[in-house]
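Here the structure is laid out as structure tokens; the discussion comes afterwards.
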Amino acid sequence: MGSTDTAGDDFWEHVRAAYPEQLPLLNLNNAAVSPPPLVVEQATIDAYRLVSRNPDVNMWQKLDPALPDVKAQLAQLIDCEPDEIALNRNSTEGLCTAIFGIPMSAGDQVVVSAWDYPSVLAAWRQRQEREGIEVVTADFDLMDSDDDVVAAYTAALTSRTRVLQLTHMYHWTGRVVPAERLCRLARENGTLTVVDGAQIFAQQPVSFREIGCDYYVTSLHKWMGAPVGNGMLVVRRDRIDDTWPLLAPFDPPPLRVDKFDHWNLGTYNSALQAGIAPAARLHREIGVQRIHQRLRELTRYWVDLARDIPGFQLHTPLDAENLGAVTLFSIDHLDNRAVERELRGAHQVHTKYREVRHLRGLRVSPHIYMRKDELDRFVAALSEVVQKEYSARGLS
């Protein structure tokens, strides 16, 4: 397969040098958490040491004053206003802020999908049990067309639908839904939208304005490479006042996005936020279009190599332009959990077993610091594992 990337090998070697070595395992589970670039790691260590010298002064008076500029940088990346951004620890926290903060009454409906993140579904079901709202599930398959997905959500909407919960890119398989179309559908129905963007932000271009949602949530420690424990909640300005904060603020609740910020936790680790700005700068320097192109190319590269492995089944639409780094595959007739263990134990290759509904397989998610020869190594190891197991079972 020919390269479609305008950046050559020298450029990607330069990018690789910006990241720490991944040892001892070949890291193909970046969808869980990506390694921070070296400049991010160093900025966080330096900030932590600064905190240690005079914690009460250096956290609140030296590190925190930089956060407005951090929000300004993030606003450029996601296409919103800085005063619509709250910083928190991860997507789950941001999603729960929206889920528990939207005023709803008994009998109001929220539409979800069975593919949404488990803690998201658990949060909505908690509201159902405690408050009497109704959770309605849109039924579709992750390999269905965009039109089928939109039709499923359309069928689930009623006059009582208050919220539409969407996952922009499913962490199970990397499937991207037509979020802009679905948010437009919700607006036409008078319905609010909460979008889980944990996987797609920083993998691909994302515009809060173009999507047209009310709440957009993501983790900054996945594809942008901020330190572990950084997330972002974007709230449309006219929704801020009516949304309850997840944690009660120390001061009287301000009618601005600050009421959702991480400092409502009480004492927190300020040094972690010091790594956001260098991560955002490096991300801009490389360019999100180039990042997406590279991730899509790496995915298609390894899948093309693996196609002829006996029993190989891909559960991610490969031809979609919004394909990114995340895919799910399975091997027919084998226990895919055993395949995962063998890859890791015998070949030092780390993938992630995922199981949801009828899907059982291994998730693969390379990052931009990876070389194609490392994907060659992964596919060769997978082929060896499968051939060994198939031979032992008399399969071909």
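To the nearest 0.5 angstrom, N322 atom CG is 7.0 Å from M169 atom CE. Atom CG in D116 sits 5.0 Å away from atom CG in L121 (nearest 0.5 Å). In this structure, D214 CG and I102 CD1 are separated by 7.5 Å, a value rounded to the nearest 0.5 Å. Separating the CD1 atom in I368 from the CG atom in L298 is a distance of 9.5 Å, to the nearest 0.5 Å. Expressed to the nearest 0.5 Å, how far CG of L50 lies from NZ of K62 amounts to 6.0 Å. If you take CG on L334 and CZ on R360, they are separated by 14.5 Å, rounding to the nearest 0.5 Å.
Formation of a donor-acceptor pair under 3.5 Å by the R377 side chain with backbone atoms of H347 is found in this model. Remark: side-chain polar atoms of E131 are not paired, donor with acceptor, to backbone N or O of A106 under 3.5 angstrom. Checking side-chain atoms of S219 against main-chain N and O of K222 turns up no donor-acceptor pair under 3.5 Å. Not a single donor-acceptor pair under 3.5 Å links the side chain of E84 to the backbone N or O of V234. Remark: side-chain polar atoms of H292 are not paired, donor with acceptor, to backbone N or O of A202 under 3.5 angstrom. Distance alone, capped at 3.5 Å, places no donor-acceptor pair between the R363 side chain and the T173 backbone. The closest donor-acceptor contact from the side chain of S365 to the backbone of V326 lies at 3.5 Å or more, if one exists at all. Remark: side-chain polar atoms of Q22 are paired, donor with acceptor, to backbone N or O of P20 under 3.5 angstrom. Of the possible donor and acceptor atoms, one in the side chain of N90 sits under 3.5 Å from a partner among the backbone N and O of E93. Within the 3.5 Å criterion, the main-chain N or O of V136 finds no donor-acceptor partner in the side chain of Q109.
Counting heavy-atom neighbours within 6.0 Å of Y48 OH, excluding the residue itself, gives a total of 12 or less. Heavy atoms of other residues, nucleotides or ligands lying less than 6.0 angstrom from CZ of R130 number 12 at most. Other residues, nucleotides and ligands place no more than 12 heavy atoms under 6.0 Å from the CG atom of D10. Heavy atoms from other residues, nucleotides or ligands lying under 6.0 Å from CZ of R49 number 12 at most. At most 12 non-hydrogen atoms from other residues, nucleotides or ligands lie less than 6.0 angstrom from CG of D9. More than 12 heavy atoms of other residues, nucleotides or ligands sit less than 6.0 Å from atom CD of E355.
Linking Ile, Leu, Val, Met, Phe, Trp and Tyr residues whenever their side-chain heavy atoms come within less than 4.5 Å places I331 and V356 in a single cluster. In this structure, V40 is not a member of the same hydrophobic cluster as V33, with clusters built from ILVMFWY side-chain heavy atoms closer than 4.5 Å. No single ILVMFWY cluster, assembled from side-chain heavy atoms under 4.5 Å apart, contains both V120 and L246. By the rule that hydrophobic residues join a cluster once side-chain heavy atoms approach within less than 4.5 Å of another member, M370 and L282 end up as members of one cluster. Follow the hydrophobic side-chain contacts under 4.5 Å out from F312 and you reach L359 in the same cluster.
Residues W60 and S270 meet the side-chain proximity criterion, which asks for heavy atoms closer than 4.5 Å. Between L233 and Y216, the closest side-chain pair of non-hydrogen atoms is not below 4.5 Å. Counting only heavy atoms from C-beta outward, the side chains of L192 and R162 approach each other to under 4.5 Å. Here the side chains of V177 and L182 are in contact, with some heavy-atom distance below 4.5 Å. Here the side chains of L328 and R354 are in contact, with some heavy-atom distance below 4.5 Å. Contact check for F329 versus T316: no side-chain heavy atoms found under the 4.5 Å cut-off. Annotation: side chain of E41 is not in contact with side chain of T44 (no heavy-atom distance under 4.5 Å). Here the side chains of E297 and R294 are in contact, with some heavy-atom distance below 4.5 Å.
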For this session: Check step by step if salt bridge (Lys or Arg N to Asp or Glu O under 4.0 Å) holds for R181 and D147.
Result: CA-CA 10 Å; R181 289 177 61 185; D147 288 344; 3.0 Å; yes
For this session: Could you walk me through whether F378 and W302 pass the ring-ring contact (aromatic ring centres under 6.0 Å, His included) test, one step at a time?
Result: CA-CA 8 Å; F378 156 57; W302 82 258; 5.3 Å; yes
Problem set entry | Stepwise side chain to side chain contact (heavy atoms under 4.5 Å, CB included) test for L95 and Y215 | CA-CA 8 Å; L95 286 160; Y215 307 85; over 6 Å; no
For this session: May I have the step-by-step check of side chain to side chain contact (heavy atoms under 4.5 Å, CB included) for R160 and T158, ending in yes or no?
Result: CA-CA 5 Å; R160 292 192 291 126; T158 74; 3.7 Å; yes
For this session: Check the pair D83, R237 against salt bridge (Lys or Arg N to Asp or Glu O under 4.0 Å), reporting the backbone distance first and the verdict last.
Result: CA-CA 8 Å; D83 63 2; R237 187 181 285 114; 2.9 Å; yes
For this session: Report the C-alpha distance between D261 and K71 in whole Å, list the side-chain angles of each, state the deciding distance to 0.1 Å, and finish with yes or no for salt bridge (Lys or Arg N to Asp or Glu O under 4.0 Å).
Result: CA-CA 11 Å; D261 269 309; K71 289 188 177 184; 2.8 Å; yes
For this session: Let me see the working for R16 and E374 under salt bridge (Lys or Arg N to Asp or Glu O under 4.0 Å), right down to the final yes or no.
Result: CA-CA 12 Å; R16 182 184 181 87; E374 290 171 315; 2.8 Å; yes
Exercise. Can you list the steps and then say if M59 with D64 is a side chain to side chain contact (heavy atoms under 4.5 Å, CB included)?
Worked result: CA-CA 6 Å; M59 283 195 294; D64 281 4; 5.7 Å; no
For this session: Could you check L74 against I276 for side chain to side chain contact (heavy atoms under 4.5 Å, CB included), going step by step and ending with a plain yes or no?
Result: CA-CA 9 Å; L74 292 172; I276 299 175; 4.2 Å; yes
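Using modelled atom types, one finds no donor on one side chain facing an acceptor on the other under 3.5 Å when comparing S34 with H221. In the model, D46 has a side-chain atom that pairs as donor or acceptor with a side-chain atom of Q42 under 3.5 Å. A side-chain donor from one of T191 and N189 sits under 3.5 Å from a side-chain acceptor of the other. For N230 and Q273, the side-chain atoms include at least one donor-acceptor pair closer than 3.5 Å. Donor-acceptor pairing under 3.5 Å is recorded for the side chains of R284 and Q73. At a cut-off of 3.5 Å, with distance as the only test, a side-chain donor of Y369 or N30 sits close to an acceptor on the other residue.
Taking the six-membered ring for Trp and the full ring otherwise, the centers of W223 and H283 sit at least 6.0 Å from each other. Ring centroid separation for the pair W115 and H358 comes in under the 6.0 Å cut-off. H171 and Y117 have their aromatic ring centers within a separation under 6.0 angstrom.
Ring orientation note: the planes of H262 and Y268 are nearly perpendicular, at an angle over 60° on the 30°/60° scale.
Applying the salt bridge (charged side-chain N to carboxylate O under 4.0 Å, His left out) test to D238 and every residue at least two apart in sequence or in another chain returns R236.
Cation-pi geometry between R290 and F11 is met: the NZ or CZ atom falls under 6.0 Å from the ring centre, inside 45° of the normal.
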